[in-house]
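For ligands, and for the atoms within them, numbers begin at 1 and follow the listed sequence.
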Amino acid sequence: MNSAVPRYQGAAAGAETARLSHFIDGRFVPAGRSSFENRHPATGELINLVPEADSAAIDDAVKAAKRALKGPWGKMSEQQRSAILRKVADGIMARFDDFLAAEVLDTGKPKSLASHIDIPRGAANFNVFADQVLTLSTETFRMATPDGAGALNYAIRGPRGVIAVVCPWNLPLLLMTWKVAPALACGNTVVVKPSEETPTTATMLGEIMNEAGVPPGVYNVVHGFGEDSAGEYLTSHPQVDGITFTGETRTGEAIMRAAAKGVRPVSLELGGKNASLVFADCDMDKAIEGVTRAVFANCGQVCLGTERVYVERPIFDQFTQRLKLAAEKLKPGNPFEASTTLGPLISQVHRDKVLSYYAKAKAEGAEIITGGGIPELPTPYSAGSFVEPTIWTGLSEDSAVMREEIFGPCCNIVPFDEEDAVIALANDSPYGLATSIWTENLTRAHRVAAQVEVGITWVNSWFLRDLRTPFGGSKQSGIGREGGVHSMEFYTELRNVCVKL
Ligand SMILES: NC(=O)c1ccc[n+]([C@@H]2O[C@H](COP(=O)([O-])OP(=O)(O)OC[C@H]3O[C@@H](n4cnc5c(N)ncnc54)[C@H](O)[C@@H]3O)[C@@H](O)[C@H]2O)c1
Ligand SMILES: O=C/C=C/C=C(\O)C(=O)O
């Protein structure tokens, strides 16, 4: 197993088990109060040992980031930073296979998925914000003054400072670079705390940063857990100037509390309980393909994924049967094999959570259309955290399965009769992240899209991403928007200059 682990400076050479390091001030340092195991979710095998940062290690990282603001990074032009970020993108692509292997080992997601989404997006995030920073504009206003000479106002942008970047495990490189790239483009420095479940690719990126000419201290990575560990130490560090977080809503609340001390700005991308609305006038093939991905891609561990499927009654039976066939075609197993289309859940702990919802669905009277248990797999995959893709019908709107984010490969399908009624059902959720609408009637599509209370709506598609568009959630799904100029708004401070003429 360890031979499949890419060797990099962060891993102690020659050691039987690879050991990751933090990446602080341009160097790999193994400091910490202890270390923890990082295991491959498809087999349970040990990938590497990860140091847990204590508060002194976090302090080192934040201070390095603070110093770097005043170093060459802070003096570079936008063009220079942009060119360096392009080199980072090139560096990821040059080591594509290493990043791919590391991401598949950490997450268990199929290689076919990570090679199409996670790793190319990791690179694309740097390119898109390298472009964006070159076209960033600010406002000017001329004003009249009593003496008739007037005044000119113009705004300038500066970096916010040291940004804490706290990330989840479901799309590790993609979601981390989605924050790091715009933060760096705007001249900030970052301290990244990757998820304890997926620490490897963020560490590898340290090497790429050094090779690309990112000065020491600009990109730092510290490992550990959340509460009473690296995550909490980092977000409550007084020299952190802004916090960007993607993860669970409850963790988002803790991060907001930490940010309140010192009145630091937060950007929060949180959970969802997303609905797909499938109208009888949809293109059924497209709807089945799209909803299958929305429910089962990444084993259901996508914040934008669908766990509530509303289908107009005339096509309810046909749709349910076809989604069942699509679910049963998914092939769990070795994520490195090209034919595997369903990976495991991230951990045994998360599997226990998902299986508890499978049990709740049964207890709440669901009809199980398919799945509901653990698939039979040969060793070593029998030790992985796999679950069956699962479809229910018959659950009530107030059941736990219909209200709470499960983050597994499962959905409940509900028939509906009226457009207004299904909009009301879709909106009856504390979350408001994403919706997909399936209809060939574009007038209806626009009408419905304007009424669903979410940040992201897809019509006849799902997870189709233009990186310039606003991305984020309403209600308990988050605060703020990422993407294009919206990311730049968070990572810069606007200052107005008023010049009396
Ligand atoms: N809206 C989005 O864009 C988006 C994208 C991906 C995932 N998500 C959400 O993320 C969740 C799954 O990810 P997860 O389980 O890794 O989330 P999580 O909230 O458990 O953990 C995310 C990160 O926060 C850290 N953390 C935990 N407690 C902390 C604390 N008290 N202080 C500081 N840091 C702390 C963790 O160590 C980890 O690095 C789901 O709810 C999913 O919907 C949202
Ligand atoms: O699991 C959540 C997926 C988030 C995706 C993005 O943030 C993105 O595509 O930019």
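Applying the salt bridge (Lys or Arg N to Asp or Glu O under 4.0 Å) definition to pairs two or more places apart or across chains, those involving residues 162-188 are K179-E482.
The closest protein non-hydrogen atom to atom 14 (P) of ligand 1 is W169 NE1, 3.3 Å. Looking only at protein heavy atoms, the nearest one to atom 40 (C) of ligand 1 is E405 OE1, 3.4 Å. Annotation: atom 7 (C) of ligand 1 to nearest protein heavy atom, N170 ND2, 3.5 Å. Looking only at heavy atoms of the protein, atom 3 (O) of ligand 1 is closest to E269 CB, 3.3 Å. For atom 34 (N) of ligand 1, the closest non-hydrogen atom on the protein side is G231 CA, 3.6 Å. Residue, atom and distance of the protein heavy atom nearest to atom 5 (C) of ligand 2 are F471 CZ, 3.6 Å. Protein heavy atom closest to atom 19 (O) of ligand 1, with residue, atom name and distance, is T251 OG1, 2.7 Å. When hydrogens are left out, the protein atom nearest atom 2 (C) of ligand 2 is C303 SG, 2.2 Å; that is the closest non-hydrogen contact. Here the protein heavy atom with the shortest distance to atom 9 (C) of ligand 1 is G247 O, 3.2 Å. Of the protein's heavy atoms, E248 N, 3.4 Å lies nearest to atom 17 (O) of ligand 1.
Looking at C167, G226, A164, G305 and measuring to atom 23 (C) of ligand 1, the nearest heavy atom belongs to C167. Between atom 8 (N) of ligand 1 and the options G271, C303, S195, P168, the minimum heavy-atom separation is to C303. In this structure, of E269, R465, Q301, the residue bringing a heavy atom nearest to atom 8 (C) of ligand 2 is R465.
Between R86 and N127, the side chains place a donor N or O and an acceptor N or O closer than 3.5 Å (distance only, hydrogens not considered). Looking only at atom types and distance, the side chain of T200 has a donor-acceptor partner in the side chain of N48 under 3.5 Å away. Side-chain contact, N38 with D106: a donor N or O sits under 3.5 Å from an acceptor N or O. Under 3.5 Å, the side chains of S347 and S385 contain no donor-acceptor pair of N or O atoms. A donor and an acceptor atom, one from each side chain of E453 and S474, are nowhere located under 3.5 Å apart. At a cut-off of 3.5 Å, with distance as the only test, a side-chain donor of S436 or W438 sits close to an acceptor on the other residue.
Geometrically, R465 engages W178 in a cation-pi contact, judged by NZ or CZ lying under 6.0 Å from the ring centre and within 45° of the ring axis.
Between K273 and E405 there is no salt bridge, since none of the side-chain N atoms of the basic residue sits less than 4.0 Å from a carboxylate O of the acidic one.
Remark: distances from the non-hydrogen atoms of G478 to ligand 1 are all 4.0 Å or more. Residue P194 places a heavy atom less than 4.0 Å from ligand 1.
Here is the list of ligand 1 atoms found below 4.0 Å of a heavy atom in L433: 1 (N). In summary, the atoms of ligand 1 found under 4.0 Å from a heavy atom of F471, numbered by their order in the structure, are 3 (O). In summary, the atoms of ligand 1 found under 4.0 Å from a heavy atom of E232, numbered by their order in the structure, are 32 (N), 33 (C). Near L175, the atoms of ligand 2 lying under 4.0 angstrom from a non-hydrogen atom of the residue are 4 (C), 5 (C), 6 (C), 7 (O). Interface of F463 with ligand 2, defined as ligand atoms under 4.0 Å from a residue heavy atom, comprises 5 (C), 9 (O). Each of the atoms 36 (C), 37 (O), 38 (C), 39 (O) of ligand 1 lies under 4.0 Å from some heavy atom of K193. Near L175, with a cut-off below 4.0 Å to any heavy atom, the atoms of ligand 1 are 5 (C), 6 (C). Atom numbering of ligand 1 starts at 1 in the shown order; those under 4.0 Å from a heavy atom of V166 are 23 (C), 24 (O), 25 (C), 34 (N), 39 (O).
When only interatomic distances are considered, the shortest N/O to N/O separation between R121 and ligand 2 falls below 3.5 Å. Close N/O approach between T249 and ligand 1 is not found [any backbone or side-chain N/O within under 3.5 Å]. Residue-to-ligand polar distances place L270 within reach of ligand 1: an N/O pair is separated by less than 3.5 Å.
Every residue two or more places apart in sequence or in another chain that forms a ring-ring contact (aromatic ring centres under 6.0 Å, His included) with H223 is listed here: H22.
The aromatic rings of F463 and W458 are tilted relative to each other, their planes meeting at an angle between 30° and 60°. Ring-plane geometry between F23 and F28 is classed as tilted, the angle between the planes lying from 30 to 60 degrees on a 0 to 90 degree scale. Note: W169 and F407 have perpendicular aromatic rings, judged against thresholds of 30 and 60 degrees for the angle between ring planes. Ring geometry for Y381 versus F386: interplanar angle over 60°, hence perpendicular rather than tilted (30 to 60°).
Within the 4.0 Å heavy-atom criterion, the part of E196 lying near ligand 1 is the side chain and not the backbone. Contact annotation for T246 and ligand 2: no heavy atom of the residue comes within less than 4.0 Å of the ligand. The side chain of N170, and not its backbone, has at least one atom closer than 4.0 Å to an atom of ligand 2 (non-hydrogen atoms only; side chain from C-beta on). Contact annotation: for L467 versus ligand 2, there are no heavy atoms closer than 4.0 Å. Only the side chain of F407 comes within 4.0 Å of ligand 1, counting heavy atoms alone; its backbone N, CA, C and O stay farther away.
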Evaluate the salt bridge (charged side-chain N to carboxylate O under 4.0 Å, His left out) criterion for residues E307 and R403: first the C-alpha distance (whole Å), next the side-chain angles of each, then the deciding distance (0.1 Å), finally the verdict. CA-CA 9 Å; E307 292 182 354; R403 297 208 65 82; over 6 Å; no
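A distance of 6.5 Å separates CG in L268 from CE in M256, rounded to the nearest 0.5 Å.
Shown here is K329, whose NZ atom has no more than 12 heavy atoms of other residues, nucleotides or ligands within 6.0 Å.
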